[in-house]
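Below you'll find the structure, written out as structure tokens, and then a few comments.
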There are 2 protein chains.
Amino acid sequence: MNIGHASEKSGLPAKTIRYYEDIGLLKPDRSDNGYRDYSMSDVHKLRFLQRSRGLGFSVEECRQLLALYEDKERASSDVKSIARTKLKEIERKITELRELQHTLQHLVAHCHGDQRPDCPILESISGTADA
Amino acid sequence: MNIGHASEKSGLPAKTIRYYEDIGLLKPDRSDNGYRDYSMSDVHKLRFLQRSRGLGFSVEECRQLLALYEDKERASSDVKSIARTKLKEIERKITELRELQHTLQHLVAHCHGDQRPDCPILESISGTADA
DNA sequence: GGTAATTCTTCCAGTAACTGGAAGGTCAAG
DNA sequence: CTTGACCTTCCAGTTACTGGAAGAATTACC
């Protein structure tokens, strides 16, 4: 599969896909003509990268997450501990997104023109009533 | 409140806080000595930025979200529509995080050394069974 | 078969969002 | 009144892309 097709399937621009290859996140086969040739597995990884980058994980964290998957045959205890650390982070992110969600919902539902600058959303928007 | 204190409270490095000021995300008061002086409201905004950046929103999206809050007095229909768009995005992010969570949980629970490279996690890790 | 458009290649420069470090001013403690 | 922590600005470097040029390969059309 050429890069254009892989780009469509993964949601990542071709430029970004080539960049990910440059920094060693994946290395697709090459066809005889020199074109990159992406397998389904490559596309899965790209889609995974597209998602996890969009969720605020750094490229290095994504590299770890990919390694988790790729090294699962050995599944050593450190691999599991990384996974558990990431799971904690994911839970935190979900919690924070829920709070952001509630804040915006409140904004849409209750703050319609008659709110003063001291709206309680100001207090809740940061997730800390005190700070 | 000086920048060091605001940094502690918001979780953002002082460098980043100054950068956010440079690009016009907030403008704290200045004390007589020229030091930046952060209000509680400023710290709330910083904490909000810290969170939403970590959740994969771009600085420009964060600017919009902050504006949502700051312009809530007028609460025009476009403000609400932006909020609704962001709510959709937040829901998507939550869904994706849940899927990532399940994948990692599966990895920790079931893939312990006896998995072949064609582990079904490969299929599910990208969130698309087909692709 | 010819040729024009599309898609691919590499390379190099630019942007976004920080991040580190130098050079120097301010301030609280001893 | 000096030492050390914290602040200032400025400029350079890093990360993670992103755009564009120049050229080769494929596909689409006559």
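Note: hydrogens, waters and symmetry copies are ignored here, and every other heavy atom, side chains too, is used. Residue numbering restarts at 1 for every chain, and letters A, B, ... go by the order of the sequence lines.
Atom CZ of Arg30(A) is separated from atom P of dA25(D) by 14 Å (rounded to the nearest Å). The CG-C1' distance, from Asn2(A) to dT26(D), rounds to 9 Å in whole Å. The distance between atom CE of Met1(A) and atom P of dT7(C), rounded to the nearest whole Å, is 16 Å. As rounded to whole Å, 14 Å separates atom P of dT27(D) from atom NE2 of His5(A).
With distances taken from any side-chain atom of Val59(A) to the nucleotides dT9(D), dA17(C), dA16(D), the minimum falls on dA16(D).
When the side-chain nitrogen and oxygen atoms of Arg18(B) are compared with OP1 and OP2 of dC11(D), none of them lie within a distance under 4.0 Å. Checking the phosphate oxygens (OP1, OP2) of dT8(D), a side-chain nitrogen or oxygen of Arg36(B) falls inside 4.0 Å. In this structure, Tyr20(B) reaches the dC18(C) phosphate: one of its side-chain N or O atoms is under 4.0 Å from OP1 or OP2. One finds a side-chain N or O of Arg53(B) lying less than 4.0 angstrom from the OP1 or OP2 phosphate oxygen of dC18(C). Listed pair Thr16(B) / dT19(C) meets the phosphate criterion, a side-chain N or O lying under 4.0 Å from OP1 or OP2.
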Between the protein and nucleotides 25-28 of chain C, list every N/O to N/O distance that falls short of 3.5 Å.
residue : atom : partner  : partner atom : Å
dG25(C) : N2   : Tyr35(B) : OH           : 2.8
dT26(C) : O4'  : Tyr35(B) : OH           : 3.3
dC27(C) : OP1  : Asn33(B) : ND2          : 2.8

Please list, pair by pair, any protein nitrogen or oxygen found under 3.5 Å from a nitrogen or oxygen in nucleotides 22-24 of chain C.
none

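Among the heavy atoms of the strands lying under 4.0 Å from Ile3(A) are primed sugar atoms or P, OP1, OP2 only; no base atom is included.
A search for side-chain hydrogen bond (donor to acceptor under 3.5 Å, both in side chains) contacts involving Glu21(A) returns Arg30(A), Arg36(A), not counting sequence neighbours.
For the residue pair Arg98(A) / Gln101(A), no side-chain donor-acceptor distance below 3.5 Å is found, with atom types taken as modelled.
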